[in-house]
J.: 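Have a look at the structure that comes next, please.
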Amino acid sequence: MTPARKKRLALVVLMVAGVSVGVSFALQSLNQNIMFFKTPSEVRAGEAPADRLFRVGGMVVAGSVSRPGDGLTVQFDLTDNEEQVTVKYTGILPDLFREGQGIIANGRLDARGDFVAEEVLAKHDENYMPPELAEMHKAREAQQ
Amino acid sequence: MIPEIGHLALIIALCVALVQAIVPLAGASLGIQRWVNLAVPSALAQLLFVAISYACLTWAFLAHDFSVLYVAQNSNSELPLIYRISGVWGSHEGSLLLWALVLAGWAGAVAVFTPSVPRVMRARVLGVLGLVCVGFLLFIIITSNPFERLLPAAPEGSDLNPLLQDIGLAIHPPMLYLGYVGFSVAFAFAIAALISGQVDSAWARWARPWTNIAWMFLTLGIALGSWWAYYELGWGGWWFWDPVENASFMPWLIGTALMHSLAITEKRGTFKAWTALLAIFAFALSLLGTFLVRSGVLTSVHAFATDPERGVFILGFLVVVVGGSLALYAWRAPLLKSAAKTELLSRDGALLLNNVFLAVVTAAILLGTLYPIAIDAMGGKISVGPPYFNLMFFALTAPLGVLIGIGMLLRWKSDSIARLRGKLWLPAVLAVVGGFGLSLVQPQWHFAAAAGLVMALWIALTAGLALYDRVRGRALGSALRSTPAGFYGMLLGHVGVAVFIVGVTLTSLYTVERDLRMAPGDTYSVAGYEFTFRGVRQYDIHNYTATRGGFSVRSESGNYNIDLFPEKRIYRVQKMPMTEAAIDAGLTRDLFIALGEPLDSAGTWAVRVYYKPFIRWIWLGALIMGIGGIVAASDRRYRRLVRSRAGDAAANEAAS
């Protein structure tokens, strides 16, 4: 090979190697950081991952919000109109968190099967319902 | 009557855009001079009609014309004047109209400010921009008419989303759009060049200032959005890897790659095909961003009201634009043979590496952003967490930071390791010693802090060295004056990166966050400051009711005292609560207090107290980068008239 070709080959090899390292790195890291979305029914059915963060979404059950203790811990029930999951969270709830509203929480299950949230998200929209729930509602309405 | 004029003006603008798209492009290909000459007047006429239409919608907001559906949905008679003006782009229809106005504005600017570009080339560029205008105007007229009437008229409007009633967010979308849409100019230049088969140094010189300015707006737009999220969402974060943030960040990354690639194409006449491809991708990612935000496929704080029909239209538009451009590219790119070879150890090589890294980072972010959508299509529900994005971003940009310092001191064409070693050992040693030294005076030692500070110092020192190299051995004043603006722009851009790195490093490692339960009279100590809660009071202001908390803050040494008043607002029309944080901003730290919620009847509140060191440096860095962009665009050589290619090449050699 001519020196020019060698150089070009080296460049191409370098780029291919770099890109493939990057891609494998990316895919691996992606796999570790995926959060699954589960509805309360799925959580009750034992479909939630045991050892990693996941998301649960639903409507806050009216009258279920309570503050046990004198700290910032708050507890409420989340429903998809079929099953309920109790969510515990320590910290400040978002502005649009209200009973009857749709929210999403990130966290994991504790030994009692309650969901311990690290983060609670409410959409910045009055009529927000988690899209996954909205789809379920639509599907159910279509069935009836 | 006036809304109908607005609607009519929009339809006329569409017709003019059709003329602007078809006639000059046909004229340029067929060699019909009169058709070519139509490009400039049609672009200006199109700008005029879109501007009339936009003015009509603004008038409807100012005059409280609640018979216009869009105004009734997004305004209110109590809404302050400034938010009635910014309310025009407060929701979908109006923000698209703003988008069209910005697009027409860019086309008008190209028509007026490109005297050095040959007529045929300019006609093609304007023609391509016309095609994009046609797409967007059709989109507005078919799916999102902002002038739709509401009969009977609403007695009162349902008010602008309270989140948008803020000065930061009032100017964030126009800035962002100026950037997003600005890449359409680089795109149009690339397409025009592919049609004519002429991608060369002169072409790159025409396209560069436009790319720089668009990039500058996008930089500032993203920074404003981040700043707004910081103080308005009440969580004190500045970046969330939210899909919509990613949607604006990806064109920024590719735009950054494009700026650097254009530099090689201009100086050395190489990487032509790659540069054209980047220009296509920068604009394609801007369109993808629009699609993601407007189609409802994303779950995001930004995706307010969405509509599948609109998503389908934008997706179709995206497919046509990207598919068409890539087909044209595949057909024409073989014509774009590079004139010179590239050595890896040269500024050309360093810029190439920069492009590779930026492209890979973009691909990684794109993967993380689209992956949930792909899984969704297969019936699963997932989201990708910030740790993925953080890891990818920092792992891939760290080498880029090292490269910035080396690249600034490399020579074009080819360089030697010995020369480079002689230059770089001193800044390298100083950066390592200084960075480690500075990391030791932080509250705790972290390796990441040392790494970030070393990197920032490295970039700043090499930028200083690059400037010193230019003026060494010459009279300082004249040497500084004869240095081209493009060089200063480059230095500023990189110094901005250094400042940004300091901000990100120190903020992420040394932020102190406390969620507290505070009764009136309680005092807590956070990061060397004592926060005393004095209770809350109610106030009625404009269109909202505020619960205002009083806090006294004093430093433990006692020589710094300030009162802060965070608010919890209820906007009366939409009954929407909003947290208005109180921030004591400073160059080296911010103190941030936000009210959570009342916990009992005795006036106890959940309170969020943050100590955020060096967070301002994040936006300061972005601001410096933006200034760098505009300084680089002001370079005199972009305003020179066309000369012979040989003369250009000689001038380039001299300038580099």
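Lettering of chains follows the sequences in order, A, B, ..., and the numbering in each one begins at 1.
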J.: Answer with side chain, backbone, both or neither: which region of B/V356 has an atom nearer than 4.5 Å to a non-hydrogen atom of chain A?
T.: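 Contact with chain A is through the side chain of B/V356 alone.
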J.: Quick check for you: to the nearest 0.5 Å, what is the distance between B/R514 atom CZ and A/L72 atom CG?
T.: 12.5 Å
J.: Can you tell which part of B/A395 gets under 4.5 Å to a heavy atom of chain A, answering side chain, backbone, both or neither?
T.: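 Side chain only.
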J.: Quick one: closest heavy-atom pair of A/M35 and B/G385, and the distance?
T.: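 Looking at all heavy atoms of both residues, the closest pair is CE-CA, 4.4 Å.
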J.: Got a second to check how far B/D515's CG is from A/T90's OG1, nearest 0.5 Å?
T.: 9.5 Å
J.: Show your reasoning for whether side chain to side chain contact (heavy atoms under 4.5 Å, CB included) applies to B/T579 and A/I92.
T.: CA-CA 11 Å; B/T579 300; A/I92 293 175; over 6 Å; no
J.: Drop me the distance from A/D95's CG to B/R569's CZ, to the nearest 0.5 angstrom.
T.: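 CZ of B/R569 is found 11.5 Å from CG of A/D95.
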J.: Quick one: does B/L599's side chain get under 4.5 Å of A/R67's, heavy atoms only?
T.: yes
J.: Quick one: what part of B/V361 sits under 4.5 Å from any heavy atom of chain A, side chain, backbone, both or neither?
T.: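 Neither the backbone nor the side chain of B/V361 comes within 4.5 Å of chain A.
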J.: Between A/L30 and B/G368, what is the shortest heavy-atom contact and its length?
T.: CD1-CA, 4.2 Å
J.: Check whether any side-chain heavy atom of A/R98 sits under 4.5 Å from a side-chain heavy atom of B/P577, and report yes or no.
T.: yes
J.: Mind listing the closest non-hydrogen atom pair of A/L27 and B/L367 along with its distance?
T.: CD2-CD2, 4.0 Å
J.: Can you establish whether the number of heavy atoms outside B/F281 located under 6.0 Å from its atom CZ is more than 12?
T.: no
J.: Taking side chain to side chain contact (heavy atoms under 4.5 Å, CB included) as the definition, give me every residue that meets it alongside A/K88, ordered by chain and number, with sequence neighbours left out.
T.: A/Q75, A/D110, A/R112, A/D114
J.: Donor-acceptor check, side chain of B/R517 to backbone of A/G71, threshold 3.5 angstrom: yes or no?
T.: yes
J.: With chain A as the partner, which of B/P386, B/A606, B/S383 has the greatest number of non-hydrogen pairs under 4.5 Å?
T.: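 The candidate making the most pairs under 4.5 Å is B/S383.
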J.: Side chain, backbone, both or neither: which part of A/L14 has an atom under 4.5 Å from a heavy atom of chain B?
T.: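 A/L14 touches chain B through side-chain heavy atoms alone.
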J.: Between chain A and each of B/D600, B/V360, B/L516, B/L396, count heavy-atom pairs under 4.5 Å; write down the option with the most.
T.: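 Of the options given, most contacts go to B/L516.
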J.: Could you work out, with side chain to side chain contact (heavy atoms under 4.5 Å, CB included) as the rule, every residue matching B/I375, not counting sequence neighbours?
T.: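 B/I375 satisfies side chain to side chain contact (heavy atoms under 4.5 Å, CB included) with B/Y371, B/M378, B/I382 only.
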